[in-house]
There are 2 protein chains.
Amino acid sequence: MLSFFDMSELKDGVTRQVYLTLRRDILNWRLLPGRRLSEKDIAGRMNISKTPVREAFIKLQGEGLLEIRPQRGTYVSLMDMEQIEEVRFTRYCVESTVLSLFISSPPDEKTLTAMEALLETQEQAIAGRDVDGFVDSDDAFHRELFLACGKARAWSFIDHFSAQYKRLRYLSLQNYLDFGNVLDEHRAILSACRRRDSDNALRWLSRHLNKILGESEHLREKFSVYIKKYGEIQDSGAAHTPIPTHGA
Amino acid sequence: MLSFFDMSELKDGVTRQVYLTLRRDILNWRLLPGRRLSEKDIAGRMNISKTPVREAFIKLQGEGLLEIRPQRGTYVSLMDMEQIEEVRFTRYCVESTVLSLFISSPPDEKTLTAMEALLETQEQAIAGRDVDGFVDSDDAFHRELFLACGKARAWSFIDHFSAQYKRLRYLSLQNYLDFGNVLDEHRAILSACRRRDSDNALRWLSRHLNKILGESEHLREKFSVYIKKYGEIQDSGAAHTPIPTHGA
DNA sequence: CACTTCTAAGATACTAACATATCAGTCGCC
DNA sequence: GGCGACTGATATGTTAGTATCTTAGAAGTG
């Protein structure tokens, strides 16, 4: 319940601290889509001036997490389901190729061991109902795959514009508590890699990345106020309505 | 020879103008890799204050075109060949899938016509030795493909982190004047699309995107001062040496 | 001469104040 | 009552100046 203006630590760069704090709380759903943010307000709460806040806003806008309307206001982005789908598509295009690469090259025992270790980390996160820890080890699992193929930067490209995707994943995990399924999918992918069974590895990866969209149909109704609508008037509606903050 | 502080127009957003001006001149090679930029200096030349310059710097850093060293200085990024290679890899993963999609779905005559029109635009650019115009229509050609498949955002993701790739392409075109080859490749891809010949379309796409790396071997020697070195001391060397500006 | 310390210039990081645009609500006119 | 102009509050956009950090080079020391 520590709200988004914690400021317990600010060693390097105030701008960076603001950025990290806001980013975490948006992905956490402590700051809900559509919520209005104000440079002045946040600067005041954090006892800093507006400029670092403003710069953090700009960075977050670049990741699609904030929408800055010039001279009007800044809002936490609504969930753009079309964008999330295209992130998934892009990611699948790249990651399936990386997975094939990994399997077709000589199996890298060190990487396989590291990935197994991450699965154990995930198990622990499940036991502790630690959504954040689970999400971190999920990312680390996939990242390992890219690193093993010398595609670290390709991962960081994907990671960079996956912010909205991650926000949906967080919601999905919180609501369906399907941690175990994700873990099973990881196990299946890894096991197929060990067997050098490319077909099955790709099948499981596809299922793994697609699942979030399958679930999104269920989420769509329940969380429709947080989802961006097309075809309606773009400048009003849900984005402007005050939304209960349930956390501050 | 109009240098990078032109300021002929500044209708909306000073920050945006600074951003666009700097971005153009970096991709143009009017601002060379390794060159030092100063907030104060640019602000002074443009008769504006430092903040908009600073914000433009941050955006350009996000695209990998600038390197901001806190409290030290801001430099035009050196060419990071490994990053460019991974951009190419990522792009090929996505674009080959999009191309397959385009061919396997019913052929979209409107799109094919539009792409043919773009080829004519390219021909004109070649006739006029207009590198910028050529590059623009090159991008437009590929973008059309993504739009036709409903993957506009996927294109914008790729486009966003392709800045360094584009800079290398500009150099390659200026030095090898192989406009015609690029045009031929586009024609081959389009013609394969018309014949719904997926294999050949993909082969030509692969050749098209790979070419830049083949050429980069030749460029590596001639332009080595502009290329990022790994394994050396990261905090000194070429990046700091004053480099002839040949334009301002 | 080799090495350390000091210093001043100049870079980004940040602050505080001002400029400009937007919008909801109100006033006044019909 | 209905409708358009005005206005105050407040948002971001921009400016100018201050603070802090880094570094090159001078000065001092063995």
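What you see below is based on every heavy atom in this structure, not just the backbone, and it leaves out hydrogens, waters and symmetry mates.
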Using only side-chain N and O atoms of [X], determine if any of them is under 4.0 Å from OP1 or OP2 of [N].
X	N	value
A/Thr51	C/dA13	no
A/Arg54	D/dT12	no
A/Thr15	C/dC14	yes
A/Arg69	C/dT22	no
A/Arg72	C/dC23	yes

Output the single nucleotide from [options] whose closest atom is nearest the side chain of [X].
X	options	value
B/Pro70	D/dG13, C/dA13, C/dA11	C/dA13
B/Ser49	D/dG13, D/dT14, D/dC21	D/dT14
A/Pro52	C/dT15, C/dA13, D/dT14	C/dT15
A/Ile48	C/dT15, D/dA11, D/dT18	C/dT15
B/Lys50	C/dA13, D/dG13, C/dA11	C/dA13

Check: Any salt bridge between B/Arg88 and B/Glu86, counting N to O under 4.0 Å?
Finding: no
Next item on the list: Name the residue closer to the 5' end of DNA chain D, choosing between B/Asn47 and A/Lys40 according to the nucleotide with the nearest heavy atom.
Entry: A/Lys40
Roughly how many Å is it from [atom1] in [X] to [atom2] in [N], rounded to a whole number?
X	N	atom1	atom2	result
A/Ile42	D/dT10	CD1	C1'	15 Å
A/Asp41	D/dT10	CG	C1'	12 Å
B/Phe57	C/dA11	CZ	P	11 Å
A/Gln71	C/dA21	CD	C1'	4 Å
B/Glu67	C/dT12	CD	P	13 Å
B/Glu39	C/dA13	CD	P	7 Å
B/Glu55	D/dT15	CD	P	10 Å
B/Ile68	C/dG10	CD1	C1'	17 Å

Notebook entry, point to check: Is B/Lys151 close enough and on-axis enough to B/Phe146, meaning under 6.0 Å and within 45°, for cation-pi?
Noted result: no
Item checked: Modelled atom types, side-chain donor and acceptor of A/Glu63 and A/His160, under 3.5 Å -> no
Note to self: We want to know whether A/Tyr92 and A/Asn210 form a side-chain donor-acceptor pair, criterion being a heavy-atom distance below 3.5 angstrom.
What the structure shows: no
Check: A/Tyr165 and A/Asp159: side chain to side chain donor-acceptor pair (under 3.5 Å), yes or no, with the steps?
Finding: CA-CA 10 Å; A/Tyr165 178 89; A/Asp159 192 57; over 6 Å; no
